[in-house]
Engineer: 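Please read through the structure below; I'll follow up with questions.
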Amino acid sequence: MEKMLETELFRRRGFRRYRCKVCGHYFWSLVERDVCCDAPCMPYSFIGERICKTVPASLSELRERYLRFFERHGHARVRKYPVVAARWRQDVYLVGASIYVFQPWVTEGIVPPPANPLVISQPCIRLTDVDIVGRSGRHLTGFEMMAHHAFNYPDRHVYWIDETVELAHEFFTKELGIPEEEIVYKESTWSGGGNAGECFEVLVRGLEVATLVFMHYKVTPDGKLEEMPMKIVDTGYGLERIYWLCTGKPNVYEATFDKILTELRKLVGFEKPDDRLLAKLAITMSQMSSEELSRPDIYTILADKLSLEPVQLRNIMLQQEFLYIVADHTRSLAWMIYDGVLPSNSGIGYLARLLLRRMLKYVHLLNIEIPLSELCSKCAKFLVDEYPELKEIYNTLIEISDMEEKKFRETLNTAKSQIMKIVKKGKKSVLSADDLVMLYDAYGVPPEIVEQICKELNIGVEIPQNFYALLVEKKQREAAAQEGEGERGRKPITIDDVRGIAKTQEIFYEDPYAREFRARVLKVFERDSKKYIVLDRTAFYPEGGGQPSDTGRIITERGAECKVVYVFKVGNVIVHEAECRGDVQEGEEVLGLVDWDRRYSLMKMHTGTHILLQAIRRVLGAHIWQAGVQKDIPYSRLDVTHYKVPSDEEIRKIEELANKIIESDLPVETEFLIRTEAEAKYGVRIYQGGFIPSPTLRIVKIVEPTGEIYDVQACAGTHVKKTSEVGIIKIVGVEKLQEGVIRFLFTTSRHVLEYLTLLERSLQDTARVLGCSVSEVPDKVRKLVDSLKETESYVRRLEKLVSSFLMEQVSKNIVNVRDIAISFITVEDVSDRLVQDVARMFTKESKRILVVMNKRGDTGLEVKMFTSSDIAKLLSLRDIVREICSNIEECRGGGGGTFAQMNIRAKVNLDEIKHRILETIRSHVG
RNA sequence: GGGCCGGUAGUCUAGCCUGGAAGGAUGCCCGCCUCGCGAGCGGGUGAUCCCGGGUUCAAAUCCCGGCCGGUCCA
């Protein structure tokens, strides 16, 4: 994928192609140059300088100027998408570049783009370099990628390389006023999100400010490149980077988070270091790789390079790192929360926790007394100026950061005791590298914090320079030990079976209330003695979107009758699994009868789900997204993204709002739209059900009398026409499914009555058993529990009493063997606890053996022997028991220390056993 | 989605590797000391050892399955 990129602009303006002496890449420049002007080939030389003639006053101004510039040049502005890509694609969690928004639907040519050409400023999150964010001076976890895109179809050309470079050049030179001799276009390649192409990196004084990608390859899963029919102009202009360039601030954080940093410094009391120092560091680090920058001893290296005092440098810069991280991470976190990502131990939620943990790590290392939530709150106040929608999740952000801080402190406590355990157990005073890896992997304590804790506890520890490499090594070992995955369950009918069969006409969409229909049999399959029928049209809803399939009957014109047990979709074809009496022939006309009672209930449940989801969102906040759903009878479930189990009060409010919507009798409307149109019209909130593999979407919306939309979702299910048909919604259970996901169990319409009847009946049954009225049940149960506890303690006291009586008997039955007092006692089905009481009392004195023969039912005898501790040293109870047992049938046993037991299953003479035990002990003592 | 660590009185925790009477601390109750408080001393109380199955004469301990929590990675 290497070819020379030449453009009309270069020829006209007199740009020439050079080869970088350092990296070997080709680049275009107006003036002669040895190196490509990219870091690390060339250090930054824009800091403290004024390269742009017209410096924008803020990020917003720069963004607006960019968007307007491209609007003036024939581009339509497209509003930003969520940062959570998982809402419309399955292969990635987060949006890492603006093109992710259009993959794969637009890039594959399946749906048209929302506009063509278009311009957008898309928030992105990249966590690959998270380790050095806040340190390197140039890396951010969250950034806005400003971009203009053109999609060139074989039959419709928009623009390609010449025009793209022309636009970029004009933007930088005319709009921002950067002298054109400062701009270098470096030839390279770019790939991401499944596509690739040649590109120009636009460089100014060591800084890459934009990438102009000419995308015309598809990257196959095995990493090969395939030529695409569509040619896509995919550009990316880093908003923060360009702003940094224009302002000439010492690093990207000081430029981007200027005001926030001032406030944070006031709050925390950290001094701002001299700009010249920050600039020197950023410039030096611009020539270092990510690996180098992530080293724990980075500030020693830097101090060495800049002839500074290492400890002092480290102390100053750790404080700055912390401020930078808080500013950057809070913004990314707020974006994620707004899109329904909540901290969790797995899945995408872990990425949110990762950001929080990084902030907390510094809070702890720097002994900062201010709660993290306060720091986040400070940032958020500024963030809402830039991103007003974040106001909606402000409280959530604060609450979450508080919760996570508490959690982190707990984790630190367990870590502390773990460290002490390791030291105590291994009888060592120094932690090994393996210990450090274990502490991080299993308890989440980063080595720096282990070091701090160890200092307090006077335990030695040394962080190996290759700590993260050791960790990766361990992960790889674990991955290698893993076995291959199991096979997925397959549908009995495959896409190959239905090839050539026309798309089934979906009556359930045309009329969701159709319960009877006539159709023609197109195909009948027999697999594993089951019949699968394909019709030309059907009112049977196939399983999908969390709605189970319909059931019912199919009757043929010649009198065969089939029970429809399951309905599913294969491609565009709907297949009915049926149990038939009689023969079904292809071409025959049939009558279909949907089990209406069941189906109508499911429709109410489905519409109920939409009503409920929206009610939850309005009560709990904008971070609520649907995380999963299953409609069922009598109870349906709805999983949402939320960080804790809602209070009873909140649940009541949700229920109230949902039922108000039902009572208001709002219309439920559906329409089919092309994906991009639907997104443009309703926003990406429509993707509640997750990934939908279709170019067109069915939109289901509930509309308020004012014309306002109560709820709108892309949904393939069947719905009632009016919300009033749902009747009533009752939440019957709420539980935490996993960290960050809450499950609502609910029911609707007459199933609510069934549920209440069930509750009532069990309450009545309980009352009957307790012999009281329903209202007295709680009180009665409380009393019962109390008296049970009392009784238990009474039994225990009685047992003590009994044991002292038994003790008397034991004392009377003493037989002496030499100077050892041996006593036998026979009991029946007595608790072990009682036996032990007696044994403890008897063997408290020295030279004593107690033999308890506990008859268990009529088949078994349990013999337990207890000795005082001095006897245990003299003879082995185990040997004695083994010896006795070897002479008795069905006897097994053993023991150790002061205790042994044997079990005899056969019927035996007690006196004989007693005699044998005594003899055996005698022989051992003698 | 995968890996790792863990689940023992109200709370914290030992024991688990190597199977054999579940131990300690804290809390709670009673008593002593004290003008009183704090503290100390003595006594008592409190555990289905997460659940289910298996192995065994015997399981907190070993094996299998599940549930719950923690954590790292993708």
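These numbers come from a predicted model, not from an experiment. In what follows, chains are A, B, ... by sequence order, proteins preceding strands, each numbered from 1. No hydrogens, no waters, no symmetry mates; every other heavy atom, side chains included, goes into these values.
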Engineer: When you measure from the side chain of A/K736, which nucleotide among B/U71, B/G69, B/A21 comes out closest?
Structural biologist: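 From the listed options, B/G69 comes nearest.
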
Engineer: Sugar-phosphate means primed atoms, P, OP1 and OP2; the rest is base. With that split, encode nucleotides 50-60 of chain B 5' to 3' as B, S or - using protein heavy atoms under 4.0 Å.
Structural biologist: -------BS--

Engineer: Please compare A/F866 and A/Y350 by the position of their nearest nucleotide in RNA chain B and report the one closer to 5'.
Structural biologist: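 Nearest-nucleotide comparison on RNA chain B picks A/F866.
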
Engineer: Among B/C72, B/U71, B/G70, which is the nearest nucleotide to the side chain of A/D441?
Structural biologist: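 Of B/C72, B/U71, B/G70, B/C72 is nearest to the side chain of A/D441.
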
Engineer: Both A/L354 and A/M438 contact RNA chain B. Taking the nearest nucleotide for each, which residue is further toward the 5' end?
Structural biologist: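 That would be A/M438.
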
Engineer: Return the nearest nucleotide to the side chain of A/Y93; candidates are B/A21, B/C73, B/A74.
Structural biologist: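 Output: B/A74.
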
Engineer: Starting the side chain at C-beta, find the nucleotide from B/U45, B/C73, B/A21 nearest to A/K800.
Structural biologist: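 Looking only at heavy atoms from C-beta outward on A/K800, the closest nucleotide is B/U45.
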
Engineer: Identify, residue by residue, the members of residues 442-455 of chain A with a heavy atom below 4.0 Å from RNA chain B, and return them in order of residue number, or none.
Structural biologist: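 Under 4.0 Å from RNA chain B: A/A442, A/Y443, A/G444.
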
Engineer: Just to confirm, is there a sub-4.0 Å distance from OP1 or OP2 of B/C72 to any side-chain nitrogen or oxygen of A/R353?
Structural biologist: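 No, outside the criterion.
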
Engineer: We want to know whether A/E799 and A/S831 form a side-chain donor-acceptor pair, criterion being a heavy-atom distance below 3.5 angstrom.
Structural biologist: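 Per modelled atom types, A/E799 and A/S831 side chains form a pair under 3.5 Å.
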
Engineer: Applying side-chain contact (heavy atoms from CB on, under 4.5 Å), name anything that partners A/S332, two or more places apart in sequence or on another chain.
Structural biologist: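 side-chain contact (heavy atoms from CB on, under 4.5 Å) list for A/S332, sorted by chain: A/I125, A/T141, A/D328, A/L355.
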
Engineer: Does OP1 or OP2 of B/G70 have a side-chain N or O of A/T414 closer than 4.0 Å?
Structural biologist: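 So the side chain of A/T414 is outside the cut-off, no N or O lying under 4.0 Å from OP1 or OP2 of B/G70.
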
Engineer: So, A/D402 and A/S373: side-chain donor and acceptor under 3.5 Å apart, yes or no?
Structural biologist: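 There is such a pair between these side chains.
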
Engineer: Test of understanding: with side-chain contact (heavy atoms from CB on, under 4.5 Å), list the residues that count as partners of A/A97, not counting sequence neighbours.
Structural biologist: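 For A/A97 the side-chain contact (heavy atoms from CB on, under 4.5 Å) partners, ignoring immediate neighbours, are A/I99, A/Y100, A/R126, A/M145, A/W190.
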
Engineer: Determine whether the side chains of A/E399 and A/Y643 contain a donor N or O and an acceptor N or O closer than 3.5 Å.
Structural biologist: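 A/Y643 and A/E399 do have a side-chain donor-acceptor pair below 3.5 Å.
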
Engineer: So what's B/U56 paired with, Watson-Crick or G-U wobble, going by both distances under 3.5 Å?
Structural biologist: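 Here B/U56 is not engaged in any pair, so there is no nucleotide opposite it.
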
Engineer: Measuring to OP1 and OP2 of B/A21, would you say a side-chain N or O of A/K864 lies under 4.0 angstrom away?
Structural biologist: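 No, because none of the side-chain N or O atoms of A/K864 sits under 4.0 Å from OP1 or OP2 of B/A21.
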
Engineer: Using OP1 and OP2 only, check whether a side-chain N or O of A/Y440 sits under 4.0 Å from B/C73.
Structural biologist: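 Checking B/C73 against A/Y440, a side-chain N or O does come within under 4.0 Å of OP1 or OP2.
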
Engineer: Would you say A/D870 and A/S868 are linked by a side-chain donor-acceptor pair, where the criterion is simply a distance under 3.5 Å?
Structural biologist: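 A donor-acceptor contact under 3.5 Å links the two side chains.
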
Engineer: Quick one: look up who B/G38 pairs with, Watson-Crick or G-U, both distances under 3.5 Å, and put none if it's unpaired.
Structural biologist: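 The base-pairing partner of B/G38, which may sit in any strand shown, does not exist here.
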
Engineer: Who is the Watson-Crick or G-U wobble partner of B/C4, with both distances under 3.5 Å?
Structural biologist: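 Pairing partner: B/G70.
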
Engineer: Ignoring backbone atoms, establish whether A/Q418 has a side-chain N or O less than 4.0 Å from OP1 or OP2 of B/G6.
Structural biologist: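 Looking at the OP1 and OP2 atoms of B/G6, neither is under 4.0 Å from any side-chain N or O of A/Q418.
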
Engineer: Please check if atom CG in A/D648 has more than 12 non-hydrogen atoms from other residues, nucleotides or ligands closer than 6.0 Å.
Structural biologist: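 Check fails, neighbour count at 12 or below.
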
Engineer: Taking atom P of B/C4 as reference, at what distance in whole Å does atom CG of A/N345 sit?
Structural biologist: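 The distance from CG of A/N345 to P of B/C4 comes to 16 Å, rounded to the nearest Å.
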
Engineer: Are more than 12 heavy atoms from other residues, nucleotides or ligands located less than 6.0 Å from atom CD of A/E462?
Structural biologist: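 Atom CD in A/E462 is not packed in, count stays at 12 or less.
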
Engineer: Suppose we screen for salt bridge (Lys or Arg N to Asp or Glu O under 4.0 Å). Which residues come up paired with A/K224, at least two apart in sequence or across chains?
Structural biologist: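 A/K224 satisfies salt bridge (Lys or Arg N to Asp or Glu O under 4.0 Å) with A/D222 only.
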
Engineer: Compare the minimum distances between each of B/G70, B/C73, B/A21 and the side chain of A/A839, then state the nucleotide with the smallest one.
Structural biologist: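 Taking heavy atoms from C-beta onward, the closest nucleotide is B/A21.
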
Engineer: Say we look at B/G15 and B/G7: how far apart would their P atoms be, to the nearest angstrom?
Structural biologist: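 Taking atom P in both B/G15 and B/G7, they lie 10 Å apart.
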
Engineer: Listed by chain and number, what are the salt bridge (Lys or Arg N to Asp or Glu O under 4.0 Å) partners of A/E890, not counting sequence neighbours?
Structural biologist: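 Once residues adjacent in sequence are excluded, A/E890 has no partner under the salt bridge (Lys or Arg N to Asp or Glu O under 4.0 Å) criterion.
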
